[in-house]
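Positions are given from 1 along the sequence.
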Amino acid sequence: MMLADLFDEDDFRDSLIKMGVGVSSNMSVLECVAFINENSDAKVRLTLKVWAQERLMEPGLLQPEVKEALEILCE
């Protein structure tokens, strides 16, 4: 039997940090999204939009708060 990992708030922040987005490890996912929208250029936002779309392809594996944040990034 295969168990799927839940993509949670820690995974969300860690992924952003690994991609070089200047979020801190104590931000909520919605704070991360606000930071991205306020501080990132169009190229970074497009890259994150594509990343978010890819993550949303498996919605059953996403924590609800993370799903909401990814949907906002896709707008």
Side-chain angles (χ1 to χ4, degrees):
M1 179 163 103
M2 187 173 130
L3 297 175
D5 287 331
L6 177 68
F7 193 76
D8 63 14
E9 291 186 36
D10 292 332
D11 297 322
F12 182 85
R13 279 188 303 271
D14 291 345
S15 295
L16 293 175
I17 291 168
K18 286 178 186 175
M19 288 187 280
V21 179
V23 299
S24 67
S25 60
N26 62 346
M27 290 177 152
S28 73
V29 291
L30 293 180
E31 289 172 327
C32 290
V33 171
F35 177 87
I36 291 164
N37 288 332
E38 293 170 10
N39 299 291
S40 300
D41 63 25
K43 183 177 179 182
V44 170
R45 285 194 305 272
L46 178 60
T47 299
L48 293 174
K49 180 178 181 176
V50 171
W51 171 77
Q53 289 169 335
E54 291 170 354
R55 294 301 318 171
L56 285 169
M57 293 180 77
E58 296 184 42
L61 302 178
L62 301 173
Q63 184 179 35
E65 295 84 1
V66 171
K67 183 176 185 224
E68 177 185 3
L70 292 169
E71 288 170 344
I72 293 168
L73 287 175
C74 288
E75 294 175 351

Nearest 0.5 angstrom please: [X] [atom1] to [Y] [atom2], how far?
X	Y	atom1	atom2	result
Glu31	Glu38	CD	CD	10.5 Å
Leu70	Met57	CG	CE	13.0 Å
Leu46	Ser40	CG	OG	12.0 Å
Leu16	Ile36	CG	CD1	4.5 Å
Leu73	Thr47	CG	OG1	11.5 Å

Check for me, please, whether [X] and [Y] land in the same ILVMFWY cluster - side-chain distances under 4.5 Å, paths through other members count.
X	Y	value
Leu30	Phe12	yes
Val21	Ile17	yes
Met19	Met27	yes

With a 3.5 Å distance limit and no angle check, can you tell me whether Glu65 reaches the backbone of Glu9 through a side-chain donor-acceptor pair? no
Using a 3.5 Å distance criterion without hydrogens, assess whether the side chain of Asp11 forms a donor-acceptor pair with backbone atoms of Asp8. yes
Glu71: which residues meet the salt bridge (charged side-chain N to carboxylate O under 4.0 Å, His left out) condition with it, sequence neighbours left out? Lys67
Which heavy atom in Arg13 sits nearest to a heavy atom in Val23, and how many Å separate them? O-CG2, 4.3 Å
Can you tell if the side chain of Leu6 reaches within under 4.5 Å of the side chain of Val66, non-hydrogen atoms only? no
